[in-house]
Amino acid sequence: MSTLNISAYRFVSLDDLPALRARVLAQCEALALKGTILLAPEGINLFLAGSREAIESFLTWLREDPRFAGLEAKESVSDDVPFKRMRVRLKKEIITLRRPTIRPEGGRAPAVDPATLKRWLDQGHDDDGHEVVLLDTRNAYETDVGMFPHAVDYRIASFTELPAALADDQSRYEGKTIVSYCTGGIRCEKAVLHMQDIGMERVFQLEGGILKYFEEVGGAHWHGDCFVFDERGAVDKALEPSPISPPDAGNDTKATSA
């Protein structure tokens with residue numbers, strides 16, 4: 001497989017968006033990369049594909065900007081480039097929740113790494129003996145492709161619906177440890193901060209999301225594949241393109257969240 005695919009995000013204040021967009025687009029085009037990059041006042045969210053050399057050159061260039069020095073990327077490979085074109089878009093949020101008081105740049109919510117979550121699921125409880133409840137923050141068409149079998153799935157059509165779903169269901173989580181998960185981690189950066197804001201205790205985000213979980217523990221306890229926002233449609237537990245064709249697979253206009 002000759003194409004390297006990466007996804008990455010970073011919450012950081014950006015106030016030069018039009019000029020930054022022009023520089024980022026020019027660099028991507030010079031390296032013949034394809035994909036989607038979202039820029040907003042709260043940060044950057046990107047999905048890119050190309051040769052490993054080109055991807056690494058772009059990341060080196062991007063990290064020269066101190067605002068992106070800590071950006072980490074999740075990798076997978078494919079035979080073909082799963083994007084038709086290169087787009088850099090300006091948005092109000094890099095992941096839309098419409099809760100402006102939630103700002104991950106100001107302090108991340110607690111996180112649990114994949115190996116620890118696997119251990120908790122293996123033993124049936126966290127390290128303090130609390131029952132673990134998994135919360136899937138993704139949209140219904142994504143959970144249809146694959147999920148943790150006993151996770152809470154609110155069948156939402158948009159991430160913006162999650163706060164209302166939680167408000168009507170808080171008693172479910174009392175006395176339990178909650179681990180929120182999504183594709184690459186970005187949604188949970190906001191979801192867990194919101195859960196803390198409404199008084200939910202022992203809430204964690206899965207560090208790096210499903211993609212990092214597959215990379216580090218091989219998808220233990222997971223059922224199905226993982227929807228991704230490019231023409232592959234989904235990847236399997238080995239982070240290779242899935243033979244399953246999920247809903248809306250190949251529609252790169254959906255490449256707006258991770």
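Starting from 1, each residue takes its place in the sequence as its number.
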Subject >> Pairing of K190 and E93 as salt bridge, 4.0 angstrom limit >> reply: yes

Original post:
Would you call S51 and E56 a side-chain contact if the rule is heavy atoms closer than 4.5 Å?
Top reply: no

Original post:
Can you find a side-chain donor-acceptor pair between E131 and T177 that sits under 3.5 Å?
Top reply: no

Original post:
Closest approach of A49 and V81, non-hydrogen atoms and distance?
Top reply: CB-CG1, 3.9 Å

Original post:
Just wondering, do C226 and E142 contact through their side chains at under 4.5 Å, heavy atoms?
Top reply: no

**OP:** Can you establish whether the number of heavy atoms outside H130 located under 6.0 Å from its atom NE2 is more than 12?
**Re:** yes

Subject >> Flag side-chain contact, heavy atom, 4.5 Å: D80 against T3 >> reply: no

Subject >> Non-hydrogen side-chain atoms of Y141 and R155 separated by less than 4.5 Å >> reply: no

**OP:** To the nearest 0.5 angstrom, please state how far the CG atom of L39 sits from the CZ atom of R89.
**Re:** 11.0 Å

Subject >> Worked check of side-chain contact (heavy atoms from CB on, under 4.5 Å) between D127 and R119 >> reply: CA-CA 9 Å; D127 293 335; R119 187 178 75 250; 2.5 Å; yes

Subject >> Heavy-atom closest pair, residues K91 and A40 >> reply: O-CB, 3.1 Å

Subject >> Value rounded to 0.5 Å, distance of CZ in R138 from CZ in R187 >> reply: 7.0 Å

Original post:
More than 12 foreign heavy atoms under 6.0 Å from CD of E201: is that the case here?
Top reply: no

Original post:
Between atom CD1 of I95 and atom SG of C182, what is the distance when rounded to the nearest 0.5 Å?
Top reply: 8.0 Å

Original post:
For the atom pair CG (N45) and OG1 (T36), what is the distance rounded to the nearest 0.5 Å?
Top reply: 9.5 Å

Original post:
Pick from L14, I37, L25: which one makes a side-chain contact (heavy atoms from CB on, under 4.5 Å) with L20?
Top reply: L14

Original post:
Looking only at side chains, do D136 and T143 share a donor and an acceptor under 3.5 Å apart?
Top reply: no

Original post:
How about S78 and N5: does a side-chain donor come under 3.5 Å of a side-chain acceptor?
Top reply: yes

Original post:
Nearest 0.5 Å, what's the CG-CZ distance between L4 and R52?
Top reply: 4.5 Å

**OP:** Taking atom NE2 of H223 as the centre, report whether more than 12 heavy atoms of other residues, nucleotides or ligands fall under 6.0 Å from it.
**Re:** no

**OP:** Check step by step if side-chain contact (heavy atoms from CB on, under 4.5 Å) holds for L33 and F83.
**Re:** CA-CA 9 Å; L33 298 176; F83 296 99; over 6 Å; no

Original post:
What do the steps show when you test D122 against H221 for side-chain contact (heavy atoms from CB on, under 4.5 Å), and what is the final call?
Top reply: CA-CA 8 Å; D122 286 344; H221 300 281; 2.6 Å; yes

Subject >> salt bridge (charged side-chain N to carboxylate O under 4.0 Å, His left out) assessment of K34 paired with D230 >> reply: CA-CA 11 Å; K34 293 184 179 180; D230 56 53; over 6 Å; no

**OP:** State, yes or no, whether a side-chain contact exists between F11 and E189 at a heavy-atom distance under 4.5 Å.
**Re:** yes

Subject >> Within-4.5 Å side-chain heavy-atom neighbours: L38 and L46 >> reply: no

Subject >> Any E105 side-chain heavy atom under 4.5 Å of S13 side chain >> reply: yes

Subject >> ring-ring contact (aromatic ring centres under 6.0 Å, His included) against F159, all qualifying residues, sequence neighbours excluded >> reply: none

Original post:
Within the distance-only criterion (no hydrogens, no angle test), does the side chain of K74 pair as donor or acceptor with the backbone N or O of G184 below 3.5 angstrom?
Top reply: yes

Original post:
If you take all heavy atoms of P241 and R232, which pair is closest and at what distance?
Top reply: CG-CD, 4.0 Å

Subject >> Residues in salt bridge (Lys or Arg N to Asp or Glu O under 4.0 Å) contact with D128, at least two apart in sequence or another chain >> reply: none

Original post:
Would you say R108 has more than 12 foreign heavy atoms packed within less than 6.0 Å of its CZ?
Top reply: yes

Subject >> Check: G175 main-chain N/O paired with R202 side-chain donor or acceptor under 3.5 Å >> reply: yes

Original post:
For A234 and D225, which heavy atoms make the closest approach, and how far apart are they?
Top reply: CB-CB, 4.2 Å

Original post:
Is there a donor-acceptor pair closer than 3.5 Å between any side-chain N or O of E42 and the backbone N or O of I94?
Top reply: yes

Original post:
Which atom pair, heavy atoms only, marks the closest approach of D16 to R23?
Top reply: OD2-NH2, 3.5 Å

Original post:
Other hydrophobic cluster members with W222, side-chain heavy atoms of Ile/Leu/Val/Met/Phe/Trp/Tyr under 4.5 Å, chained?
Top reply: V112, L117, W120, L121, V132, L134, M147, F148, V179, Y181, F204, L206, I210, L211, Y213, F214, V217, V228, V235, L239

Original post:
If every non-hydrogen atom of K237 is compared with every non-hydrogen atom of G224, which pair is closest and at what distance?
Top reply: CE-O, 4.0 Å

Subject >> Salt-bridge present (E231, K84; N to O < 4.0 Å) >> reply: yes

Original post:
Listed by chain and number, what are the side-chain contact (heavy atoms from CB on, under 4.5 Å) partners of A32, not counting sequence neighbours?
Top reply: none

Original post:
Any side-chain heavy-atom pair from T183 and F227 closer than 4.5 angstrom?
Top reply: no

Original post:
Stepwise, does the side-chain contact (heavy atoms from CB on, under 4.5 Å) test hold for E207 with Q205?
Top reply: CA-CA 6 Å; E207 188 71 64; Q205 57 186 317; 5.7 Å; no

Original post:
Take atom CD in E72; do more than 12 heavy atoms of anything else shown fall under 6.0 Å from it?
Top reply: no

Original post:
Can you name the residues that form a side-chain contact (heavy atoms from CB on, under 4.5 Å) with D168, not counting sequence neighbours?
Top reply: none

Original post:
Excluding sequence neighbours, so at least two apart, what forms side-chain contact (heavy atoms from CB on, under 4.5 Å) with R63?
Top reply: L59, L71

**OP:** Starting at CE of M200, measure out to OG of S180 and round the result to the nearest 0.5 Å.
**Re:** 9.5 Å

